[in-house]
Amino acid sequence: MSQYNADSIMVLEGLEAVRRRPGMYIGSTGSRGLNHLIYEIVDNAVDEHLAGFCTEVRVVLEPDGSALVEDNGRGIPVDMHQKGVSAERVIFTTLHAGGKFDQNAYKVSGGLHGVGSSVVNALSAWMKVQVKKDGKVYEDSYEKGIPSTELKDGLLPAVGKTKETGTVIRFLPDREIFEQTRFREELVRERLHETAYLNPGLTLRFENLRDGKEPEVFHEPEGIVGYVKRLNQGKEPVSEIISVRGREENIETEIAFQFHSGFEELILGYCNSIHTAEGGTHLTGFKGKFTALMNTYARELGILKEKDDNFTGADTRCGMTAVVSVRHPDPMFEGQTKTKLGNADASRAVAAVTGEELTLYFDKNLDTLKAILGKAETSAKIRKTEMKAKNSLLSRQKFSFDANGKLANCESRDPSKNEIFIVEGNSAGGSAKSARDRKYQAILPIRGKILNVEKASMDKVLANAEIKSMIQAFGCGFSEGYGNDFDISKLKYDKIIIMTDADVDGAHISTLLLTFFYRFMPELIAQGHVYLATPPLYKAIPKKGPEEYLYDDQALLQYRKRHKNFILQRYKGLGEMDAQQLWETTLNPETRLLKRIEIEDAAGAAAVTEMLMGSDVGPRRQFIHDHAREAQIDA
């Protein structure tokens, strides 16, 4: 037995810790973490804007796979740091180093951890830094976080003269770190556009030189009012866009919202221009005060009688689209990727501004107030009616799936090891039941296309046999706009795997299932429990050598380059595979490909969901055809 003593303790020097455990700093080594590298550098440029020194940011996706971020701010400090080298070198090679810790340098900032620039450097195959400052141009370079430019007496060499100021950073993600290194253009574009709405005085330019597309410019002088307008595009408004702002406890708060005729709620939170995807105290303060205010008005106007219960928060926000943005001098984010705000004073500040400013607004706009309360009243009536149907379903805790030919459960009762496959069609379900590892893998066949929950009422959703089967099988309840009994701790399976045919119809079924998860069990997606199986499209049988499964047309193209004489078998559906083939290609954890479903952009996800599942068939069919096979591959 090896001894555990002082020699067993490993100290990771410099940026080595970042390369060893990148997920601790950027969330993942998939596409989300990859794009986060750009966001970290852009956030630093936005901090310069918030400090009053930057008006333009330029982001370029270069043909060689690198990214360039340029701003016209003050330029990173290049003078001598107390550590004996240029401050620029300290910033890019030392964790928790930066001007964000100095309240005199940045009053408001998103990058308060001081690790962003150095982390991007550590995870890049190479990085080049150019600083324009004090009439000179300075350059530095790194390889995998290690400096490759020689300093002169500890300072950066000046390579030219300029009248401009700013910083240009170009970097290439390291293939040794990331699962794939192609930045997702649409997500970068959306992030920049979002940033423009949150900073109406900032102009952001985006260029995708990889595909030779025309440059795009994002400048949104209307700010978050324009953002709400965009989010509600195509919806029938119930109110005008209401916008308030104020300052409490040295925290600036700005809120814009609008009600539409639908029932979906979309509230996006931001702190110092950073999207807090998991919410936080600023949203808690807004929601709590808005609910209390609406109930107070409802009783004053006689909409709620003395015997009536108060409206729930979900009632008062039924049909609301809102953006809540705060600027905090000392934000406490949970995690380096800043997905949740934790400051208690943010809740108090937002609640104070919400209460004071909205009281002034609604006292002068009684018709708008009554329209919003009308939505809440309708929501409450629907909630009470549909809760009966919901309780009826959930009160039947157990019934036999096997008896009606549905769920073929696994033997294990350890949720951390178990997985359930939602399989399209009885024939494929039969093969999957035969092929699976009975100890850990459960099979739940569904019949064709499930109900489109985006357009269905709650009673129809709960009456749908396939949806009831899934709710009962998962064991964790479900969330919806009129209440929430979802408890992810009761989930019976670590992985929920959608397994459909590799064609457009199969993609449509997957989209219907994902719509159900997104609207009623979003935590399953947020916590990484939902996957798409990837069955092969072809089986190549060469004249000599082993047979090979090919999962897409690109793989077939590469195979043709290597083999001239072979028979190609096309799989039109899962039902065409026997149990052994299904196990080898789709079920076996050692050989299968799973695509984990992730949501990086809540606003975009909501818009795409409505587009896909709305009444207009054309955009839905085209989107499914173009994007059916796109997802994050789980290594």
Side-chain angles (χ1 to χ4, degrees), residues 228 232 235-246 248-249 251 253-269 279-326 341 344-388 390-391 457-458 479-486:
V228 171
N232 274 353
K235 298 177 182 177
E236 181 184 352
V238 170
S239 73
E240 63 180 359
I241 298 178
I242 301 167
S243 175
V244 298
R245 64 172 64 208
E248 292 284 340
E249 299 190 41
I251 300 168
T253 298
E254 185 177 6
I255 303 166
F257 63 92
Q258 183 181 39
F259 283 81
H260 57 80
S261 60
F263 292 90
E264 302 82 20
E265 170 191 324
L266 177 62
I267 301 179
L268 303 179
T281 50
H282 52 330
L283 295 191
T284 301
F286 170 67
K287 291 178 179 179
K289 178 56 70 172
F290 187 82
T291 299
L293 192 62
M294 290 301 99
N295 278 304
T296 298
Y297 275 121
R299 294 197 181 278
E300 289 178 356
L301 296 172
I303 295 173
L304 286 178
K305 309 301 181 185
E306 184 176 347
K307 64 177 181 178
D308 293 334
D309 293 331
N310 276 345
F311 293 135
T312 66
D315 290 336
T316 64
R317 300 188 301 274
C318 179
M320 171 189 275
T321 299
V323 175
V324 179
S325 176
V326 298
L341 186 65
D345 57 355
S347 179
R348 296 193 301 269
V350 173
V353 172
T354 300
E356 293 170 11
E357 298 299 322
L358 287 184
T359 297
L360 293 173
Y361 174 85
F362 286 126
D363 283 350
K364 297 177 182 178
N365 296 272
L366 194 59
D367 288 343
T368 301
L369 172 63
K370 289 181 178 179
I372 293 172
L373 290 175
K375 288 282 294 182
E377 189 175 22
T378 300
S379 173
K381 291 178 180 178
I382 295 173
R383 169 172 53 85
K384 292 171 183 177
T385 300
E386 295 184 342
M387 279 298 291
K388 296 178 181 179
K390 179 176 179 179
N391 291 334
S457 61
M458 184 60 59
S479 311
E480 40 85 15
Y482 313 113
N484 188 346
D485 61 15
F486 184 87

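Counting heavy atoms from C-beta on, the side chains of E265 and C318 never come closer than 4.5 Å. V326 places a side-chain heavy atom less than 4.5 Å from the side chain of L341. Between E236 and H260, every side-chain heavy-atom pair lies at or beyond the 4.5 Å cut-off. For the pair K235 and T321, the minimum side-chain heavy-atom distance is below 4.5 Å. Under the 4.5 Å side-chain criterion, counting only non-hydrogen atoms from C-beta, M294 is in contact with F362. No side-chain heavy atom of F286 sits less than 4.5 Å from a side-chain heavy atom of T281. Side-chain contact check for T291 versus T312: every heavy-atom pair is 4.5 Å or farther apart. In this structure the side chain of V238 never reaches within 4.5 angstrom of the side chain of I372, judged on heavy atoms.
Note that the CG atom of N232 and the CD1 atom of I241 stand 7.0 Å from one another [nearest 0.5 Å]. For the atom pair I267 CD1 and L283 CG, the distance stands at 7.0 Å (nearest 0.5 Å). Rounding to the nearest 0.5 Å gives a distance of 9.5 Å between OG of S347 and CD1 of I251.
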When you look at L301 and L369, which way does the side-chain contact (heavy atoms from CB on, under 4.5 Å) test go after all the steps? CA-CA 10 Å; L301 296 172; L369 172 63; 4.0 Å; yes
I'd like to know whether D363 forms a side-chain contact (heavy atoms from CB on, under 4.5 Å) with Y297, so could you lay out the CA-CA distance, the side-chain angles of the two residues, the decisive distance to 0.1 Å, and finally the verdict. CA-CA 10 Å; D363 283 350; Y297 275 121; 2.8 Å; yes
Verdict with reasoning, L358 to I242, per side-chain contact (heavy atoms from CB on, under 4.5 Å): CA-CA 9 Å; L358 287 184; I242 301 167; 4.0 Å; yes
Determine whether Q258 and E240 satisfy the following criterion, side-chain contact (heavy atoms from CB on, under 4.5 Å), listing intermediate values before the conclusion. CA-CA 6 Å; Q258 183 181 39; E240 63 180 359; 5.5 Å; no
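With respect to E248 and R348, no salt bridge is recorded, no charged nitrogen being found less than 4.0 Å from a carboxylate O.
In the displayed structure, R299 atom CZ is contacted under 6.0 Å by more than 12 heavy atoms of other residues, nucleotides or ligands.
With K381 as reference, E377 is the one residue of K384, E377, R383 to meet the side chain to side chain contact (heavy atoms under 4.5 Å, CB included) rule. Checked against E357 for a side chain to side chain contact (heavy atoms under 4.5 Å, CB included), the options V244, I255, T253 give a single hit: V244. Tested against V228 for a side chain to side chain contact (heavy atoms under 4.5 Å, CB included), the candidates L268, V323, L266 yield a single pass: V323.
Between the T316 side chain and the G313 main chain, a donor and an acceptor come within less than 3.5 Å of each other. No donor-acceptor pair closer than 3.5 Å links the side chain of N310 to the backbone N or O of N295. Judged by distance alone, the side chain of S239 and the main-chain N or O of F259 form a donor-acceptor pair under 3.5 Å.
Aromatic ring pairs are classed by plane angle as parallel below 30°, tilted from 30° to 60° and perpendicular above 60°; the pair F257 and F290 is perpendicular.
Under the 6.0 Å distance and 45° angle rule, K375 counts as a cation-pi partner of F263.
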